[in-house]
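No experiment lies behind these values; they were computed from the predicted model shown. Heavy-atom basis, side chains included; hydrogens, waters and symmetry copies ignored.
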There are 2 protein chains.
Amino acid sequence: MSYDNAKRDSGSVMKTVIQTIHAELIAVLVAVTGSVPRVLTLADGSAFPAGPLELTHRSLQAGVRAWVERQTHHPLGYIEQLYTFADPTRGATVAGDQAERSISISYLGLTREIASGGDTVSWQNIYRYFPWEDRRSDPTLIERTIRAEMGRWVGTSAERAARVNACFGLDGSPWNEDLALSRYELLYEMGLVREAARDGQSNNGEFIPGAMMHADHRRILATALSRLRAKIKYRAIVYELMPESFSLLELQRCVEALAGQRLHKSNFRRLLASQNLLEETAHYAPGVGRPAKLFRFRAALLAERAIAGTRLPIARP
Amino acid sequence: MSYDNAKRDSGSVMKTVIQTIHAELIAVLVAVTGSVPRVLTLADGSAFPAGPLELTHRSLQAGVRAWVERQTHHPLGYIEQLYTFADPTRGATVAGDQAERSISISYLGLTREIASGGDTVSWQNIYRYFPWEDRRSDPTLIERTIRAEMGRWVGTSAERAARVNACFGLDGSPWNEDLALSRYELLYEMGLVREAARDGQSNNGEFIPGAMMHADHRRILATALSRLRAKIKYRAIVYELMPESFSLLELQRCVEALAGQRLHKSNFRRLLASQNLLEETAHYAPGVGRPAKLFRFRAALLAERAIAGTRLPIARP
DNA sequence: CTCATTTATACTCATTATGAGTATAATGGA
DNA sequence: TCCATTATACTCATAATGAGTATAAATGAG
């Protein structure tokens with residue numbers, strides 16, 4: 001095809017080294033049980049299910065499904081792609097005209113928690129890795145624990161101060177739960193998470209609380225959390241995390257678990273009502289207090305509809 | 001590392017074939033000039049700048065920058081990753097213990113249009129590929145041209161009808177500009193775009209208007225358009241597309257070009273005012289009519305802030 | 001120089017959406 | 001029976017939106 005020549009050669013001489021690339025598929029599986037958001041991990045909480053893309057895989061998604069099922073025996077429902085990154089230099093050696101390099105493609109999956117087989121397979125509380133992201137019971141953790149350490153990095157730089165304040169909702173800036181990834185990256189840059197020291201970043205003080213993970217898996221988890229928090233607001237995906245029927249409070253607890261924030265009960269219900277995604281069942285939830293009506297998601301929701309609308313001030317003709 | 005064994009071997013026997021993967025980097029460069037949104041193309045509008053990931057590339061992003069500059073001599077500003085996909089079977093042959101496979105990683109870049117070198121390098125109107133996405137002058141194009149063809153595919157299926165209506169804003173459903181990708185994919189599934197026939201999909205009628213592209217580049221462009229339309233609403237990225245200073249009407253035209261919709265002038269200005277992202281300059285734009293004040297973006301905007309807030313009804317303590 | 005034409009800005013106003021509560025209804029158990 | 005608990009229904013002030021109208025400052029034709 002003449003297109004290929006035009007495409008490859010314009011402006012420079014082509015290299016002849018053929019590069020061998022190793023593609024790794026990584027799965028972040030999230031479930032919410034009660035009020036705890038969890039991820040499925042291997043190696044006692046230090047890594048996610050992962051494995052190389054193989055010839056037998058029909059697609060990237062199929063590959064992810066295969067690896068997760070092989071390693072955890074957990075069935076997989078909804079999944080979506082998160083991010084792809086290349087390991088900057090690791091193993092970039094040349095042998096003959098072959099060079100080795102690694103690319104990681106990460107996926108986010110939503111399911112319901114099931115006791116999974118495998119010795120080291122386990123569901124871990126997401127906030128074990130990011131204690132500062134859970135502001136439901138104690139929104140002052142950042143103030144109390146890591147603000148001082150961050151202050152050391154900020155020093156007298158107004159620009160750094162502005163960045164920290166915007167990211168962590170300090171000093172008048174509002175807290176934005178979607179910025180989970182930015183916060184993790186900033187902490188890494190500051191050298192306050194253990195991974196930074198492990199990777200040879202300079203260390204600017206005491207490490208802050210939060211469990212470490214293999215390679216950059218914790219960063220991938222932060223990506224997943226950010227994506228999920230953002231998406232839950234404009235797409236009906238909590239659906240994937242809930243049982244067939246549930247009470248409104250259960251649904252609220254699920255969203256709160258992901259957002260890391262308490263929600264206003266009646267306003268949350270009003271929002272649900274306006275979205276018209278739920279329908280009543282004939283049943284009621286047992287338990288203390290007045291029994292709650294049970295709801296289910298409407299089938300019509302299958303048409304992957306956005307639940308919020310535009311923010312642009314559109315003109316009518 | 002003991003982690004690696006636990007990770008790879010749980011539940012199945014490991015394959016020994018080493019897979020050679022070819023990673024292709026693809027760049028969708030967008031600029032808006034006047035009221036026309038454009039993409040930078042090669043091969044007379046049929047493909048995007050692209051090339052394999054090489055050893056000399058420090059990162060995926062660096063690789064994209066290198067290829068774009070090599071092929072188009074166009075400087076590159078802001079870029080972000082779009083999507084990664086694996087070519088399902090093409091070239092999946094095995095030679096010895098080596099197998100060949102291709103992965104494409106696409107990027108979206110925002111710039112200002114510059115006359116670019118290279119014979120076949122050109123800026124193309126995005127709506128050349130998706131005429132139905134531009135509803136500024138004529139929102140009835142879908143009704144007039146492609147609705148009948150889609151109707152043939154829908155037949156008597158209520159589910160198909162619901163899908164088409166939700167996607168294309170027909171029959172009472174509101175038009176949602178963010179669904180550009182879903183619309184393209186649906187048209188492909190219906191066999192109404194030329195790529196579908198080329199790829200061996202069954203054809204359900206006449207092809208609809210819109211230029212074809214190499215491989216799945218048109219699908220990638222649809223991804224870029226969807227992403228850009230969605231992102232422009234909650235992130236201050238138009239910034240990258242505008243000159244140093246500009247009038248409010250110019251900014252409005254730029255957003256309209258991307259959204260494919262007319263905006264309400266005074267409400268758009270009120271929105272801008274509330275976001276506080278702009279500041280006045282001392283200058284005025286020349287031209288017919290009363291001269292417009294020129295604005296520029298505030299420097300403080302560097303702190304990559306979200307411009308919209310949460311949609312969740314948060315509870316205060 | 002005056003006025004029609006054009007584009008820029010400033011306001012207005014009804015309707016919705018949101019944040020924050022208060023009041024009332026069903027339960028099970030002491 | 002009364003109380004602790006949880007579920008639902010309303011209320012109300014304020015902010016955000018959608019849709020216009022009114023006024024200001026240029027240019028160019030006559």
Side-chain angles (χ1 to χ4, degrees), chain A residues 34-35 139 174-177 233-234 245-256 259 261-296 306-317, chain B residues 34-35 139 174-177 233-234 245-256 259 261-296 306-317:
Chain A
S35 289
W175 170 262
N176 182 345
E177 69 275 358
K233 279 175 246 162
Y234 64 92
S245 73
F246 47 84
S247 73
L248 296 182
L249 187 58
E250 283 165 353
L251 181 58
Q252 183 181 339
R253 294 285 178 246
C254 174
V255 175
E256 287 177 335
Q261 295 222 347
R262 279 276 158 71
L263 301 183
H264 187 286
K265 194 173 190 170
S266 46
N267 291 347
F268 178 71
R269 283 159 186 234
R270 180 172 58 191
L271 185 69
L272 290 175
S274 77
Q275 289 172 180
N276 199 35
L277 292 173
L278 304 180
E279 62 186 11
E280 292 184 10
T281 68
H283 304 106
Y284 287 80
V288 251
R290 175 174 166 179
K293 202 170 280 179
L294 292 177
F295 289 78
R296 75 166 76 88
I307 62 179
T310 172
R311 293 284 104 196
L312 293 174
I314 287 166
R316 308 277 160 225
Chain B
S35 289
W175 171 263
N176 182 345
E177 70 275 359
K233 279 175 246 161
Y234 64 92
S245 72
F246 47 84
S247 74
L248 296 182
L249 187 57
E250 284 165 351
L251 181 58
Q252 182 181 341
R253 294 284 177 248
C254 174
V255 175
E256 287 177 335
Q261 296 223 19
R262 278 277 156 70
L263 301 184
H264 188 288
K265 194 172 188 169
S266 44
N267 292 347
F268 178 71
R269 283 161 187 232
R270 181 173 56 191
L271 186 67
L272 289 175
S274 77
Q275 289 172 183
N276 199 35
L277 292 173
L278 303 180
E279 62 187 10
E280 292 184 9
T281 68
H283 304 106
Y284 287 80
V288 251
R290 175 173 165 179
K293 203 170 279 179
L294 292 178
F295 290 79
R296 75 166 76 87
I307 63 180
T310 174
R311 292 284 106 197
L312 294 175
I314 286 165
R316 307 279 160 222

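Atoms CG and CG, from B:Leu294 and B:Leu278 in turn, are 11.5 Å apart once rounded to the nearest 0.5 Å. Rounding to the nearest 0.5 Å gives a distance of 9.5 Å between NZ of B:Lys293 and CG of B:Leu248. Atom CD of A:Gln252 and atom OG of A:Ser35 lie 9.5 Å apart (nearest 0.5 Å). The line from CZ of B:Arg296 to CD of B:Glu280 is 10.5 Å long, rounded to the nearest 0.5 Å. In this structure, CZ in A:Phe295 is found 12.5 Å from CG in A:Leu277, a value given to the nearest 0.5 Å.
Straight-line distance from the CG atom of B:Leu278 to the P atom of C:dT9: 12 Å, rounded to whole Å. Look at CG on B:Leu272: it is 15 Å from C1' on D:dT17, rounded to the nearest Å. In this structure, the CG atom of B:Leu263 is 15 Å from the P atom of D:dG20, given to the nearest Å. Note: CG (B:Leu248) to C1' (C:dT9) measures 9 Å, nearest angstrom. Distance A:Leu312 CG to D:dT17 P: 11 Å, rounded to the nearest Å. The CZ atom of B:Arg269 sits 14 Å away from the C1' atom of C:dC11 (whole-angstrom rounding). Atom-to-atom, CG of B:Asn267 to P of C:dC11 comes out at 16 Å; the value is rounded to the nearest Å. The distance from atom CZ of A:Phe268 to atom C1' of D:dT8 is 15 Å, rounded to the nearest whole Å.
Evaluation of the salt bridge (Lys or Arg N to Asp or Glu O under 4.0 Å) test over residues 267-278 of chain B, restricted to residues two or more places apart or in two chains, returns none.
Residues A:Glu256 and A:Arg253 are paired through a salt bridge, judged by an N-O separation under 4.0 Å between the basic side chain and the carboxylate.
In terms of phosphate contacts, B:Arg270 brings no side-chain nitrogen or oxygen within less than 4.0 Å of OP1 or OP2 of D:dA16.
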Protein N or O to nucleotides 4-6 of chain D N or O, pairs below 3.5 Å:
| unit_1 | atom_1 | unit_2 | atom_2 | d |
| --- | --- | --- | --- | --- |
| D:dT6 | O2 | A:Arg290 | N | 3.4 |

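Residue A:Ser266 is in base contact, counting any heavy-atom pair closer than 4.0 Å across all strands shown.
Mapping A:Gly287 and A:His264 onto DNA chain C by nearest heavy atom places A:His264 at the nucleotide closer to the 5' end.
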